[in-house]
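To start, the structure itself, in structure tokens.
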Amino acid sequence: MARNKLMSINEALDLINDGDEIAIGGMSFHRNPMSMAIAIVKSNKRDLALVDREPGLAFDLLTISGRVKRIRAAMVTFEHFGIAPGFRRMVEGGEVEFVEDVCEGVMAGLRAGAYGLPFMPSAIALDSDLVPLNVKRGIWKVTKDPFNDQELVVVKAIRPDVALVHVHKADERGDVEIYGPKYEDLLKIQAARKAIVTAEEIVSEDYFRDHPERLTIPGFMVTAVVHSPRGAWPTSMYGYYKADYEIIKKYFDSVKAGLSIEKVLEVFTHG
Amino acid sequence: MADMDNVIKCMARQLRDGDIAYTGLASVPAVLAVALARHWGVNTWFINVAEIYEPEDFIITPSSGDPYSLINGRGFVISLDAFDLARRGQLDVMFFSAAQVDRRGNMNLSVIGNYEKPRVRLPGGAAAAYLYRRARRIVMWLREHSRRTLVERVDFITAPGPTKQGPHLTICTPKAMLEFDHVSGELVLTGLFSGVNIDEVINNMAFKPRVREPLSMLEPVTDEELQFLGRLDPSGVRYL
């Protein structure tokens, strides 16, 4: 019988150590692990690093929290609202180090991590100015294809300490269902040393026996399960609720106006 | 009628029957271009960063990654699979925008100014440093036809322009259309919106492009097309 992994958000927070690299689930304004991100902002964690391909709200909020020293992503955008406001402020001000990656680089790095391989070849264009930068940072390398001697960029495996992913359903064993878009969330969970899932619904053990095709992630990959209804709000949860763009706009304006993190958090108090 | 509607029409004109097209984040004009082409009867496959495969209808929101914005899909195709498709050379059309594009077709979505101490930290190029070279055809839109966006040399090469081997690059602006010429290795002017004077186009660029004669006359959106775009995007996200 598998261990019961259901715990409170504060117990899950204890699984995160200072200095950890955290992979953030979801994308843009969709299926972000908001409840966990807010809990981290309110905690006393320090020197965290974040990694994601095309992050949005949760990532930006963590970036301005003072708990994060380094972020890695391919694009940090608030889409048609503008450049992600916290990201822009913290990176322009030199308060957070930004490791600018490419979708291809984050995907290749997560794949290497998930596949248990040291690195992954990629199709990143050799003439991009990002190549010398990321070679210098030690996350990419230009090497030769051993079969045809052509140069290519390889990406070092990403092995986050923790993956934070918000899901639709989970049971106490950690078996998980994500409905609809998955982004790179499976790779993140596979590549990470610990996976914390927050779930809209905790289902009985019969759920996956009755609907075996709905299993997205087997429980042995999951470290902790937190029951967190509306845990993605104000980002969307496909099948459950839409993104609340009014709240997201309020966040955008508050951060742009330079409000304190305490004031910014008030944006999220009416979920 | 706003400039962006014409830009969207120019983008939609680049799509052909049988194309597999992908749209990314912050790309509402690209989603609308696909929708408009389909409205004309162009039979494209459509995959996207929202991961909704072959949506039947669209309700534009501030996020082109919004799965609720793409209605009645036939399933989910994740971006990992879409990008693998491109790496195999099977993605026909990818859409991009940029803060700067230069004579050589290099694009910048990283910084304005110095990289370490930027005047503006831009969001980053997302898939550009890979897909801008790996899709078969690139359709780019610029909201502004100006010396600020069409520069002699980008401040930072987020993604390098095409090579002589490809891909094909078309840029739609509110005034004109530019295409990458694989012989000269430069952008050339290939189309003008009716009523726009060629000097006005060239004087608003920081480099002087060659002109490919005869220039095609780009048609502005019709009332019917405008109505169609307005139904999908009633709050006008495309103008933001």
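The model shown is predicted, which means the values in this text are computed figures rather than measured ones. Numbered from 1 within each chain, the chains take letters A, B, ... in sequence-line order.
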### Message
Only pairs of heavy atoms separated by less than 4.5 Å count here; which of B:A26, B:G124, B:A126, B:P160 has the most with chain A?
### Response
B:A126

#### Entry: Contact class of B:N48 relative to chain A, heavy atoms under 4.5 angstrom
neither

### Query
Is any side-chain heavy atom of A:V76 less than 4.5 Å from a side-chain heavy atom of B:P123?
no

### Query
Contact part of A:A123 toward chain B, heavy-atom cut-off under 4.5 Å: side chain, backbone, both or neither?
both

### Task
Counting only heavy atoms closer than 4.5 Å, note whether A:I248 contacts chain B via side chain, backbone, both or neither.
neither

#### Entry: Interchain contact, A:Y245 with chain B, by part (heavy-atom threshold 4.5 Å)
side chain

### Partner of A:H166 under side chain to side chain donor-acceptor pair (under 3.5 Å), chosen from A:T235, A:N32, A:T198
A:T198

### chain A contact via B:I52 - side chain, backbone, both or neither, heavy atoms under 4.5 Å
side chain

### Summary
Bottom line for A:Y179: the part with an atom under 4.5 Å from chain B's heavy atoms is side chain

#### Entry: Per-residue contact mode, A:Y183 against chain B (heavy atom under 4.5 angstrom)
both

### Query
Mind checking whether A:V51 and A:F59 have side chains closer than 4.5 Å, heavy atoms only?
no

### Query
Is there side-chain contact between B:L122 and A:I83, with at least one heavy-atom pair below 4.5 Å?
yes

### Summary
Under 4.5 Å to a heavy atom of chain B? For A:V91 that would be side chain

### Verdict with supporting geometry, B:L85 and B:I47, side-chain contact (heavy atoms from CB on, under 4.5 Å)
CA-CA 11 Å; B:L85 185 84; B:I47 51 181; 4.0 Å; yes

## Note on the structure
Cut-off 4.5 Å, heavy atoms of chain A, and the answer for B:A86 is neither

### Task
Measure distances from B:F156 to the heavy atoms of chain A and classify the residue's part below 4.5 Å as side chain, backbone, both or neither.
both

### Query
Does a donor on one side chain and an acceptor on the other come within less than 3.5 Å for A:S28 and A:E54?
no

#### Entry: Portion of B:R119 that has a non-hydrogen atom of chain A nearer than 4.5 angstrom
backbone

#### Entry: Region of B:F76 in contact with chain A, defined by heavy-atom distances below 4.5 Å
side chain

### Query
Looking at A:F78 versus A:F29, is the centre-to-centre ring distance below 6.0 Å?
yes

### Task
Examine whether an atom of B:I78 lies under 4.5 Å from a heavy atom of chain A, and if so say whether it belongs to the side chain, the backbone or both; otherwise answer neither.
side chain

### Message
What part of A:M237 gets within 4.5 angstrom of chain B, counting heavy atoms only: side chain, backbone, both, or neither?
### Response
backbone

### Message
Pair A:D253, A:K250 - check salt bridge (charged side-chain N to carboxylate O under 4.0 Å, His left out), show working.
### Response
CA-CA 5 Å; A:D253 292 340; A:K250 259 190 204 162; over 6 Å; no

### Task
Please state whether the side chain, the backbone, both or neither of A:R111 comes within less than 4.5 Å of a heavy atom of chain B.
side chain

### Query
Do the non-hydrogen side-chain atoms of B:L91 and B:L131 ever get within less than 4.5 Å of each other?
yes

### Query
Would a distance-only check, ignoring hydrogens and angles, find a side-chain to backbone donor-acceptor pair under 3.5 Å from A:E92 to B:R121?
yes

### Query
A:D129: what forms a side-chain hydrogen bond (donor to acceptor under 3.5 Å, both in side chains) with it, not counting sequence neighbours?
none

#### Entry: Closest heavy-atom pair and its distance - B:E51, A:P181
OE1-CA, 3.4 Å

### Task
May I ask you to check whether B:Y53 and B:F46 place their ring centers less than 6.0 Å from one another?
no

### Query
So, B:Y115 versus B:D155: side-chain donor-acceptor pair below 3.5 Å or not?
no

### Message
I want to check something: taking the side chain as every heavy atom from C-beta on, are A:V167 and A:V165 in contact at a cut-off of under 4.5 Å?
### Response
yes

### Message
Taking 4.5 Å as the heavy-atom cut-off, does anything in residues 162-172 of chain B contact chain A, and if so which residues?
### Response
none

### Message
Under 4.5 Å from any heavy atom of chain B, what part of A:R53 do you find: side chain, backbone, both or neither?
### Response
side chain

### Task
Measure distances from B:Y132 to the heavy atoms of chain A and classify the residue's part below 4.5 Å as side chain, backbone, both or neither.
neither

### Message
Just by distance, no angles: are the side chains of B:S184 and B:D181 close enough, under 3.5 Å, to form a donor-acceptor pair?
### Response
yes

### Task
Measure B:S27 against the heavy atoms of chain A and call it side chain, backbone, both or neither at under 4.5 Å.
backbone

### Message
Could you check whether A:E79 and A:T77, counting side-chain N and O atoms only, form a donor-acceptor pair closer than 3.5 Å?
### Response
no

### Task
Describe, in one word, how the ring planes of A:Y238 and B:Y68 are oriented to each other, choosing from parallel (under 30°), tilted (30 to 60°) and perpendicular (over 60°).
tilted

### Query
Just by distance, with hydrogens left out, do B:D233 and B:Y239 show a side-chain donor and acceptor under 3.5 Å apart?
no

### Residue part contacting chain A, namely of B:V120, when any heavy atom lies under 4.5 Å
both

### Query
Counting heavy-atom pairs under 4.5 Å to chain B, which of A:A84, A:A73, A:G180, A:S122 comes out on top?
A:G180

#### Entry: pair B:H145-B:M205: side-chain heavy atoms closer than 4.5 Å
yes

### Task
Under the side-chain hydrogen bond (donor to acceptor under 3.5 Å, both in side chains) rule, collect the residues that match up with B:R137, sequence neighbours excluded.
B:D19

### Task
Count the heavy-atom pairs under 4.5 Å between each of B:S64, B:G73, B:P118 and chain A, then report the option with the highest count.
B:S64

### Proximal component of B:V77, with respect to chain A [non-hydrogen, under 4.5 Å]
neither

### Query
If contact means a heavy atom pair closer than 4.5 Å, which residues of residues 94-101 of chain B contact chain A?
none

### Query
Can you say whether A:L133 sits under 4.5 Å from chain B via the side chain, the backbone, both, or neither, judging by heavy atoms?
side chain

### Query
Counting heavy-atom pairs under 4.5 Å to chain A, which of B:V237, B:L109, B:N108, B:V49 comes out on top?
B:V49

